[in-house]
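Below is one structure, written out as structure tokens; comments come after it.
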Amino acid sequence: MRGKTVLLIIGGGIAAYKALELVRRLAERGVRTRAILTKAGAEFVTPLSVSALTGEKIYSDLFSLTDEAEMGHIQLSRSADLVVVAPATADLMAKMANGLANDLASTSLLATDKPVLMAPAMNVRMWESASVKRNREILEKDGVLFAGPNDGEMACGEFGPGRMAEPLEIVAAIERALAIEGPLAGFKALVTAGPTREPVDPVRFLANHSSGKQGYAIADALARAGAETTLISGPVDLTAPQGVKLQRVTTAREMLAACEAALPADVLVMAAAVADWRPDFAANSKIKKSTDRVVPLIKLVENPDILATIAQSAQRPRLLIGFAAETDDVVPNAVAKRARKGADWIIANDVSGDVMGGDRNRIHLISEAGTEDWPDMTKSEVGIQLAARIAKTLKGAA
Ligand code: CTP
């Protein structure tokens, strides 16, 4: 990323304030941002705040003589490595899809010879309207890249797709668009996700509410950061993240065998909600209510503890990260779990609410150094921040 230049077009929408954080995040990564602030965008953020963060003058007027003398729209759009539109309004999408060019933002989009990444933000009904859908299809066919939008509550109070992707998610999409070698290039990562299913008979099983979303987001972030990533997943309704080797398993014992076969790795993140017990006996044919009149008693036996087993093995990764799904005394229980299982870090989360299956998470990172309380964020953001921490730790130890 360092040394690259992004031309950021800030459209008019409430989400424009997030564009300011995007500039900061890019600056942290050594990326220079030049910004075009549309007239509508300037209703939401001031040119002064944008230029204070970019450290450059703001471009806004197509017909400004000084701007044209210094850098016209053609040069502006081509001197960057990537053009990012955030927030991408329905208007900006329509202009680019149809080749309209009546202001600096739209002429720059038309004139650029660089990839364009859009982070749409609009009301859910607008996003789902036939014309926005059509424009998006045209833009995708033209090779425009998209980050988001996310599902969620919007400033207008409605709920659904249309919320702009979070700044860190846009940064990850920028990294991918620029195909930059990430900080974890050369490292091997193993991630587990989802529940395990423990069969009772051919049609019944014991399982839990894990959706796999957090584990998949972590695998996605690790792969985007350049790690060679294997994801071992219990049964979930998610597709494999790009660039991740996915292996599906069903039971805890299968998950353990798959982990052992995938080692060695530099880091293992055990995000799976592994069933602690399984029926001691899985019937080969369906247990019938009609013939077996007595209510069956299911006797449970303990499953192997995958994390603890790997912590003790010769193949122990350099960084072993477990999760702690807790409903009570979250941090004290997780601190004890870290010691008991022999993990380096434990990511503790309170699963008494709607974390399991939801899109957001509030975690506590427990390590030898103590406990860090992370703010509430999307599972995708947790993945990105965690991948950055893993990179820092592995590189420090390399
Ligand atoms: N885990 C594991 N194998 C198991 C059970 C759990 O590897 N058989 C891992 C999980 O993937 C997670 C960590 O251990 O990374 C903690 O899981 P959790 O369900 O919170 O803890 P339990 O071991 O089940 O402990 P308790 O039931 O006391 O909360």
Side-chain angles (χ1 to χ4, degrees), residues 189-199 205-219 222 229-236 238 247-263 265 267-280 300-313 315-353 355-357 361-367 371 374 379 382-383 386-387 389-390:
L190 183 59
V191 181
T192 65
T196 63
R197 270 185 199 171
E198 310 296 331
F205 56 81
L206 302 180
N208 57 64
H209 288 300
S210 170
S211 65
K213 285 181 183 172
Q214 185 60 82
Y216 274 59
I218 292 168
L222 289 168
T229 307
T230 303
L231 173 62
I232 296 171
S233 172
V236 293
L238 298 171
Q247 196 184 341
R248 294 184 196 276
V249 295
T250 305
T251 65
R253 286 183 295 174
E254 283 170 20
M255 188 172 273
L256 172 60
C259 285
E260 285 174 336
L263 289 170
V267 55
L268 166 62
V269 185
M270 281 286 316
V274 185
D276 291 321
W277 307 282
R278 66 176 184 277
D280 70 337
L300 299 176
V301 291
E302 205 168 325
N303 265 331
D305 190 307
I306 302 172
L307 186 57
T309 306
I310 291 174
Q312 298 297 324
S313 81
Q315 299 264 59
R316 186 194 196 279
R318 255 195 289 163
L319 188 57
L320 192 55
I321 306 174
F323 266 68
E326 307 287 349
T327 53
D328 308 282
D329 301 327
V330 178
V331 171
N333 272 333
V335 169
K337 208 168 267 181
R338 177 177 169 272
R340 195 166 70 239
K341 301 220 180 195
D344 298 302
W345 300 351
I346 288 280
I347 315 283
N349 53 2
D350 186 339
V351 292
S352 53
V355 163
M356 278 189 154
N361 206 355
R362 203 166 77 80
I363 63 137
H364 311 272
L365 194 157
I366 291 150
S367 68
T371 301
W374 289 19
K379 287 185 175 174
V382 170
L386 192 63
R389 282 295 291 270
I390 290 171

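Both ligands and their constituent atoms are indexed starting at 1 by order of listing. Everything numeric here is computed off the predicted structure, so don't read it as measured data.
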Against heavy atoms of Ala324, which atoms of ligand 1 measure under 4.0 Å? 20 (O)

Return yes if some donor-acceptor pair links the side-chain N/O of Asn361 with the main-chain N/O of Lys379 below 3.5 Å, else return no. no

Is any side-chain heavy atom of Val267 closer than 4.5 Å to one of Pro317? no

Short version for Pro304: what comes under 4.0 Å of ligand 1, heavy atoms counted, is backbone

Does atom 27 (O) of ligand 1 have a protein heavy-atom neighbour under 4.0 Å away? yes

Find all atoms of ligand 1 within a distance of less than 4.0 Å from any non-hydrogen atom belonging to Gly322, and give their numbers and elements. 15 (O)

Are the side chain of Thr192 and the backbone of Ala272 linked by a donor-acceptor contact shorter than 3.5 Å? yes

For atom 3 (N) of ligand 1, what's the nearest protein heavy-atom neighbour? Residue, atom name and distance, please. Ile306 N, 3.0 Å

Is the shortest distance from a heavy atom of Ala252 to ligand 1 less than 4.0 Å? no

I'd like to know if the side chain of Asp280 and the backbone of Leu300 have a donor-acceptor N/O pair within less than 3.5 Å. no

Looking at side-chain heavy atoms only, is the closest gap between Leu263 and Leu190 below 4.5 Å? yes

If I apply the N/O under 3.5 Å rule, does Val274 come out as touching ligand 1? no

In terms of its nearest heavy atom to atom 18 (P) of ligand 1, the top option of Arg253, Lys337, Met270 is Lys337

Non-hydrogen side-chain atoms of Leu231 and Gln247 separated by less than 4.5 Å: no

Looking at Asp305 and Leu307, would you say the former's side chain and the latter's main chain have a donor-acceptor pair under 3.5 Å? yes

Taking atom types as modelled and ignoring hydrogens, do the side chains of Tyr216 and Ser233 form a donor-acceptor contact shorter than 3.5 angstrom? yes

Of the protein's non-hydrogen atoms, which lies at the shortest distance from atom 5 (C) of ligand 1, and what is that distance? Asp276 OD1, 3.3 Å

If the threshold is 4.0 Å, N to carboxylate O, is there a salt bridge linking Glu326 and Lys337? yes

When distances are taken from atom 9 (C) of ligand 1, the protein heavy atom at minimum range is Lys341 NZ, 3.8 Å

Nearest neighbour in protein (non-hydrogen) for atom 7 (O) of ligand 1: Leu307 N, 2.8 Å

Nearest to atom 17 (O) of ligand 1, what protein heavy atom do you find, and at what distance? Phe323 O, 3.6 Å

For ligand 1, is there an atom lying under 4.0 Å from some heavy atom of Ala343? no

Do me a favour and list the nearest non-hydrogen protein atom to atom 11 (O) of ligand 1 with residue, atom name and distance? Ala272 O, 2.7 Å

